[in-house]
Peer 1: 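This structure is in structure tokens; I'll ask about it shortly.
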Amino acid sequence: MTKDYSHETRAIYHAQHSRVAEDERAMSRFIGMFSEEYFGLPKNWFAEKSVMDAGCGSTAKVLIALHRMGATNIHGFDLDTDFIPTAESSLARHDVPLDKVTICSASVLDIPYDDASFDFVCCHGVLLHLNSDEEARKGFSELARITKPGGYLYTVFGISGGALEESVYPALRAHYKANPAFKAFIDNVKPSDFHALVDLIAAGFQEHEGVSADLSSLKDMLDTDLCVTMQNVLQAPVRLDIPEATIRNMYGADFDDPTRLRRYVKRANIRRYLAPLHYATADNSTLQLWYGSGNLEFIARKKDRP
Ligand SMILES: C[S@@+](CC[C@H](N)C(=O)[O-])C[C@H]1O[C@@H](n2cnc3c(N)ncnc32)[C@H](O)[C@@H]1O
């Protein structure tokens, strides 16, 4: 029988999301990423719509974005109940009235809503953290079930293939599991850990080259958001590699052809220099060697009932 890592996954993400929820720079970057234009939907499409964020996490960032886009009947769920107070205070901090949002504890494998309940269903970075490919398929079919005919299902899966996902990150993940000191470093990593290294670089320039360098802009790029990204890459116990063809197949005959969305994330940290490269994977074979598929992110309209 497959081991169940779901509650461990939730606890790890609760710690990460609690940091992100306090980091206004990261929150506004995430929230600002979503718009009707991004999804290829007409302006004001979300007005009065019923929407679901499945596996909404403790930041509730997508729920905040959905509220800002005008959705009025807003729902989200994640595993266990620990995320609820953090999610509610994040909503309140971003001026989302709590009576507009229903959050509950549930699994994407058994969503406690009727068929065809929502005009828009989001599942952002969740299915790749389930225990097996079979669970990912089951979760997807639950998402499809609760989407209304004529509504949209938006899913984000992460990267498939490439040197980083196939070799570099698995080696670092193995080291994270095997080496307690490295694990403790990652679990507690903070900007000042890297700022201390930047000070060493400046001291080295001074000593070996006689140069007095101002590296404060480099420090600014080594921020909390980058630390959480490192944790995101290394801590999750499961990260399934789900190829684009499998995802298209999961949407299946009930949906129009899914549109692949390509994300240009406006980061303030060092990943600002990597974001354009992620965005360009479609047309560049060098980037495909490193980043494989690039981020796999799709939206598709569920066909009207015949
Ligand atoms: C990478 S986080 C993404 C969270 C959120 N969607 C976001 O974008 O901020 C993965 C999330 O999947 C949730 N998750 C894992 N297994 C789940 C399951 N069976 N049902 C619902 N959520 C699950 C975790 O608890 C975690 O919050």
Side-chain angles (χ1 to χ4, degrees), residues 2-23 26-34 38-39 51-67 74-88 90-91 94 96 101 103-113 120-143 145-146 153-159 165 169 173 225 228-240 242 261 263 265 295-299:
T2 318
K3 185 166 175 209
D4 179 18
Y5 291 99
S6 59
H7 299 283
E8 189 184 332
T9 300
R10 173 84 287 271
I12 282 166
Y13 277 109
H14 184 61
Q16 290 180 23
H17 293 168
S18 299
R19 284 184 92 176
V20 175
E22 298 293 323
D23 180 355
M27 283 298 282
S28 54
R29 167 172 72 73
F30 279 126
I31 295 164
M33 208 165 66
F34 300 107
Y38 182 67
F39 293 123
V51 296
M52 162 61 79
D53 185 20
C56 60
S58 320
T59 65
K61 66 189 192 212
V62 177
L63 301 175
I64 296 166
L66 290 166
H67 169 72
I74 304 171
H75 296 254
F77 68 82
D78 207 309
L79 293 174
D80 305 333
T81 51
D82 287 356
F83 78 99
I84 293 176
T86 313
E88 286 185 344
S90 181
L91 289 164
H94 291 88
V96 183
V101 182
I103 314 180
C104 69
S105 168
S107 170
V108 72
L109 298 174
D110 185 15
I111 302 178
Y113 283 90
F120 183 89
V121 175
C122 165
C123 190
H124 190 273
V126 175
L127 298 180
L128 78 158
H129 294 300
L130 299 183
N131 296 304
S132 64
D133 292 344
E134 293 69 38
E135 282 197 1
R137 276 189 182 281
K138 167 72 179 146
F140 195 97
S141 68
E142 279 290 274
L143 300 168
R145 179 182 67 72
I146 61 168
L153 173 54
Y154 164 64
T155 56
V156 180
F157 286 82
I159 287 172
E165 276 299 336
Y169 295 156
R173 284 175 198 133
D225 196 12
V228 176
T229 299
M230 293 175 77
Q231 293 178 328
N232 186 28
V233 169
L234 297 185
Q235 290 178 324
V238 189
R239 189 176 280 266
L240 301 172
I242 305 178
L261 302 179
R263 184 190 302 216
V265 182
N295 200 37
L296 290 172
E297 179 163 354
F298 296 88
I299 188 164

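Atoms within a ligand are numbered from 1 in the order they appear, just like the ligands themselves.
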Peer 1: Under 4.0 Å, counting heavy atoms only: does His17 come that close to any atom of ligand 1?
Peer 2: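 It does, in that a heavy atom of His17 comes within the 4.0 Å cut-off of ligand 1.
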Peer 1: Indicate, as side chain, backbone, both or neither, the part of Cys56 found under 4.0 angstrom from ligand 1 when only non-hydrogen atoms are considered.
Peer 2: backbone
Peer 1: What protein heavy atom sits nearest atom 5 (C) of ligand 1, and how far away is it?
Peer 2: Gly55 O, 3.2 Å
Peer 1: His94 side chain to Ser90 main-chain N or O, any donor-acceptor pair under 3.5 Å?
Peer 2: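 Yes, because the side chain of His94 sits within donor-acceptor range (under 3.5 Å) of the backbone of Ser90.
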Peer 1: So between Leu130, Val156, Thr9, whose heavy atom ends up nearest atom 16 (N) of ligand 1?
Peer 2: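 The nearest heavy atom belongs to Leu130.
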Peer 1: With heavy-atom distances below 4.0 Å as the criterion, list the atoms of ligand 1 near Gly57.
Peer 2: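 Listed by number with element: 27 (O).
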Peer 1: What protein heavy atom sits nearest atom 1 (C) of ligand 1, and how far off is it?
Peer 2: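 Nearest protein contact, heavy atoms only, for atom 1 (C) of ligand 1 is Gly125 O, 3.3 Å.
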Peer 1: With respect to atom 17 (C) of ligand 1, which of Asp78, Ile12, Leu79 exhibits the smallest heavy-atom separation?
Peer 2: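 Result: the heavy atom closest to atom 17 (C) of ligand 1 is in Leu79.
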Peer 1: Arg137 vs Leu130, test: side chain to side chain contact (heavy atoms under 4.5 Å, CB included). Steps then yes/no.
Peer 2: CA-CA 10 Å; Arg137 276 189 182 281; Leu130 299 183; over 6 Å; no
Peer 1: Heavy atoms only: which of Glu8, Arg10, Glu142 lies closest to atom 25 (O) of ligand 1?
Peer 2: Arg10
Peer 1: With a 4.5 Å cut-off on side-chain heavy atoms, are Phe298 and Leu153 touching?
Peer 2: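 Leu153 vs Phe298: side chains apart.
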Peer 1: Please identify which of these residues, Thr86, Ile74, Val96, Thr59, meets the side chain to side chain contact (heavy atoms under 4.5 Å, CB included) condition with Leu91.
Peer 2: Val96
Peer 1: Report yes if some heavy atom in the side chain of Leu127 is under 4.5 Å from a heavy atom in the side chain of Leu240; otherwise report no.
Peer 2: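 Heavy-atom side-chain distance check fails, nothing below 4.5 Å.
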Peer 1: Around atom 8 (O) of ligand 1, find the nearest protein heavy atom and jot down its residue, atom name and distance.
Peer 2: His124 ND1, 2.7 Å
Peer 1: Once the angle between the rings of Phe39 and Tyr154 is folded into 0 to 90°, is it parallel (under 30°), tilted (30 to 60°) or perpendicular (over 60°)?
Peer 2: perpendicular
Peer 1: Students should be able to answer this: which protein heavy-atom is nearest to atom 19 (N) of ligand 1, and at what distance?
Peer 2: Ser107 OG, 3.1 Å
Peer 1: Give me the residue, atom name and distance of the protein heavy atom closest to atom 21 (C) of ligand 1.
Peer 2: Val108 N, 3.6 Å
Peer 1: Is any side-chain heavy atom of Leu296 closer than 4.5 Å to a side-chain heavy atom of Leu128?
Peer 2: no
Peer 1: Are side-chain heavy atoms of Val228 and Asp23 found at a separation under 4.5 Å?
Peer 2: no
Peer 1: Look at the aromatic rings of Tyr13 and His17 and report parallel, tilted or perpendicular, splitting at 30° and 60°.
Peer 2: tilted
Peer 1: Give the single entry among Leu128, Val126, Asp4, Asp110 that approaches atom 14 (N) of ligand 1 most closely by any heavy atom.
Peer 2: Val126
Peer 1: When you look for heavy atoms under 4.0 Å from ligand 1, do you find them on the side chain of Glu135, its backbone, both, or neither?
Peer 2: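 Contact part for Glu135 vs ligand 1: neither.
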Peer 1: Give the residue and atom name of whichever protein heavy atom lies nearest to atom 7 (C) of ligand 1, and the separation in Å to one decimal.
Peer 2: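 It is Lys61 NZ, 3.5 Å.
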